[in-house]
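Each chain gets a letter, A, B and so on, in the order its sequence line appears, and its residues count up from 1.
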Amino acid sequence: MTFRKTLKHWYSNNKRELPWRQTKDPYFIWLSEIILQQTQVKQGLPYYGKFVDEFPSVFHLAKAEESDVLKLWQGLGYYSRARNLHATAKYVVDELNGEFPNNYKGLLKLKGVGDYTASAIASICFNQASAVVDGNVYRVLSRYFGIDTPINSSKGAKEFKQLAQELIDTQDPATFNQAIMEFGATQCKPQNPDCAICPFNISCIAFNNNKVNELPVKLKALKVKKKYFNFLVLISSNQKTILEKREGQGIWQNLYQFPLIETDKNMSFETFKQFAETHDLIKNKTFDLSLYNQEVIVHKLSHQHLYTKFWIVTIDSPLKVGVPLSEIREFAVPVLIGNFIESFNFSSF
DNA sequence: AACTCGGGGTA
DNA sequence: TACCCAGAGTT
């Protein structure tokens, strides 16, 4: 049996029922694909439901404020996806009359849509035979064909894309693309794939050479940087605090946080107190300082570890500007901040 | 080609 | 710990 046929047969017997498999509407397929970039189905599923409910069409999404889109995206990570999602919705409505491009080349022009996502939408919605190559496809192909080219190299990207393109079922590219990803996600898993019951185990090169655990090959990443984050949680006599929008480059763009003092090493109570006395928001005011978390909180991102302290600064005077403590949950914040807000008892002030 | 961008899950 | 996830954009 051919690779194509075996795969198709496996898929018809093993595919999961997922909400975005009930439609070929490019809006819903696009939405699901953006959510699922570098995100497991289990994690993305509830977000897909929230977005479909809140924004049932591209017109609804285009009309929204970016802050509301980010709030709904809160916790999912890679927030540029949310910003690009919103920008693309506006573009599709304003420039394309609400109609998504109906081919790979046109889709590729959309912000946040790269080779993978353009291929996924083109095949699923428009029956175009453009092969998807995601993490699942790299794993399946590298094992089945015994290819040890690093998947995160430009050579590897080209090689695997070409191979997938040769294999794709041109009569039913939508099913082929989804099947190979589903197979990688639930059967040909990164760890402990159940090769004993795999329909490909007779011809799989990795299995027959006992190299399943060595493939795919991936060049190792650089080591993570350490950063020391000190958040200034101000609480005024009129129950307000300060939240700032993160602007410019870097993580968490356009999300909110407490005023941040970043240092190159751990900050002691005394050092922070001296610092606070000269801080624009506090100086010349009577304040009381306490450290919320006695143990430093380590928040781990892909390329950084954030060693975090939340400093509670209560001041006797009222604050004119700022956010009422009762409204603090309306802002889109990173998980690090969100966890603090959920655990800190603001209502006691 | 190298870097950056999150957060959750698994072994 | 280390690695992975229905990758994309920037430099």
Side-chain angles (χ1 to χ4, degrees), chain A residues 11 15-16 18-21 29-48 70 73-85 87-88 107-121 123-124 131-140 150-158 160-161 164 174 176-186 188-193 213-225 227 246 248-255 298-306 332-339:
Chain A
Y11 185 61
K15 70 172 174 181
R16 294 168 288 184
L18 298 169
W20 47 85
R21 288 190 177 146
I29 299 301
W30 164 71
L31 175 60
S32 71
E33 292 299 345
I34 302 299
I35 287 174
L36 292 172
Q37 286 169 5
Q38 291 292 288
T39 303
Q40 296 194 347
V41 168
K42 185 181 176 185
Q43 190 187 1
L45 208 41
Y47 285 85
Y48 179 77
L70 283 171
W73 197 272
Q74 178 174 314
L76 197 53
Y78 283 153
Y79 296 92
S80 66
R81 291 184 293 170
R83 297 190 301 270
N84 288 335
L85 185 83
T88 290
L107 289 161
L108 200 53
K109 292 194 174 82
L110 304 176
K111 274 187 186 176
V113 176
D115 178 79
Y116 162 79
T117 304
S119 296
I121 301 173
S123 62
I124 295 170
V132 294
V133 183
D134 72 337
N136 294 307
V137 176
Y138 279 124
R139 187 166 54 254
V140 172
I151 61 173
N152 57 342
S153 66
S154 54
K155 183 169 182 286
K158 232 189 265 181
F160 283 98
K161 175 78 180 183
F176 178 90
N177 274 344
Q178 294 181 85
I180 192 168
M181 290 191 285
E182 187 79 343
F183 179 73
T186 67
C188 195
K189 297 177 292 183
Q191 274 96 23
N192 305 321
N213 292 322
E214 298 170 32
L215 294 170
V217 172
K218 193 170 185 178
L219 272 31
K220 62 177 178 188
L222 280 56
K223 72 172 186 179
V224 298
K225 294 173 185 168
K227 290 187 174 177
R246 288 186 67 97
Q249 300 297 92
I251 59 173
W252 303 330
Q253 207 175 109
N254 294 4
L255 273 67
V298 186
H299 189 70
K300 294 176 178 177
L301 306 180
S302 305
H303 294 79
Q304 320 177 25
H305 287 180
L306 310 178
V333 298
V335 163
L336 175 61
I337 304 293
N339 288 344

**OP:** Any chance you could list the contact pattern along nucleotides 4-11 of chain C? Use B for base contacts, S for sugar-phosphate-only contacts and - for none, protein heavy atoms under 4.0 Å, 5' to 3'.
**Re:** SBBBSS--
Original post:
So what does Ile35(A) hit on the nucleic acid, given a heavy-atom distance under 4.0 Å: a base, only sugar-phosphate, or nothing?
Top reply: nothing
**OP:** Could you check how far CD of Gln253(A) sits from P of dT4(B), rounded to whole Å?
**Re:** 15 Å
**OP:** Please name the residue in the list Lys227(A), His299(A), Lys225(A) that meets the side-chain hydrogen bond (donor to acceptor under 3.5 Å, both in side chains) test with Gln304(A).
**Re:** Lys227(A)
Original post:
After noting the C-alpha distance and the side-chain angles of Trp73(A) and Ile34(A), does the key distance pass the side-chain contact (heavy atoms from CB on, under 4.5 Å) rule?
Top reply: CA-CA 11 Å; Trp73(A) 197 272; Ile34(A) 302 299; 4.1 Å; yes
**OP:** Report which part of the nucleic acid Gly75(A) touches: base, sugar-phosphate, or nothing (heavy-atom distance under 4.0 Å, all strands).
**Re:** sugar-phosphate
Original post:
Do the side-chain N or O atoms of Trp252(A) get closer than 4.0 angstrom to the phosphate oxygens (OP1, OP2) of dG7(B)?
Top reply: yes
Subject >> Whole-Å distance separating the CG atom of Asn152(A) from the P atom of dA2(B) >> reply: 9 Å
Original post:
Side-chain contact, heavy-atom cut-off 4.5 Å: Leu85(A) with Leu31(A)?
Top reply: yes
Original post:
Has His299(A) got a side-chain N or O lying under 4.0 Å from the OP1 or OP2 atom of dG7(B)?
Top reply: yes
Original post:
Rounded to the nearest 0.5 Å, what separation is found between the CG atom of Leu70(A) and the CD atom of Gln253(A)?
Top reply: 9.5 Å
**OP:** Would you please confirm or rule out a distance under 4.0 Å between OP1 or OP2 of dC5(B) and any side-chain N or O of Gln304(A)?
**Re:** yes
Original post:
Side chains of Tyr116(A) and Gln37(A): donor-acceptor distance under 3.5 Å anywhere?
Top reply: no
Original post:
For Asn339(A) and dG6(B), what is the distance between atoms CG and P respectively, to the nearest whole Å?
Top reply: 16 Å
Original post:
What nucleic acid atoms does Lys155(A) come within less than 4.0 Å of, heavy atoms only: base, sugar-phosphate, or nothing?
Top reply: nothing
**OP:** Please report, rounded to the nearest Å, how far the P atom of dT4(B) is from the CZ atom of Arg83(A).
**Re:** 16 Å
Subject >> Separation of dC3(C) P from Asn213(A) CG (nearest whole Å) >> reply: 14 Å
Original post:
In whole Å, what is the span from the CG atom of Leu306(A) to the P atom of dG6(B)?
Top reply: 10 Å
**OP:** To the nearest Å, give me how far apart CD1 (Ile337(A)) and P (dG7(B)) are.
**Re:** 10 Å
Original post:
What distance, rounded to whole Å, do you find between the two P atoms, one in dG8(B) and one in dA8(C)?
Top reply: 22 Å
Subject >> Interatomic distance at P, dT4(B) relative to dA6(C), whole Å >> reply: 25 Å
Original post:
Does atom NZ of Lys111(A) have more than 12 heavy-atom neighbours, drawn from other residues, nucleotides or ligands, at distances under 6.0 Å?
Top reply: no
Original post:
Pick the nucleotide of DNA chain B nearest each of Leu219(A) and Ile251(A); which residue has the one closer to the 5' end?
Top reply: Leu219(A)
Original post:
Side chains of Leu36(A) and Trp20(A): does their closest heavy-atom pair fall under 4.5 Å?
Top reply: yes
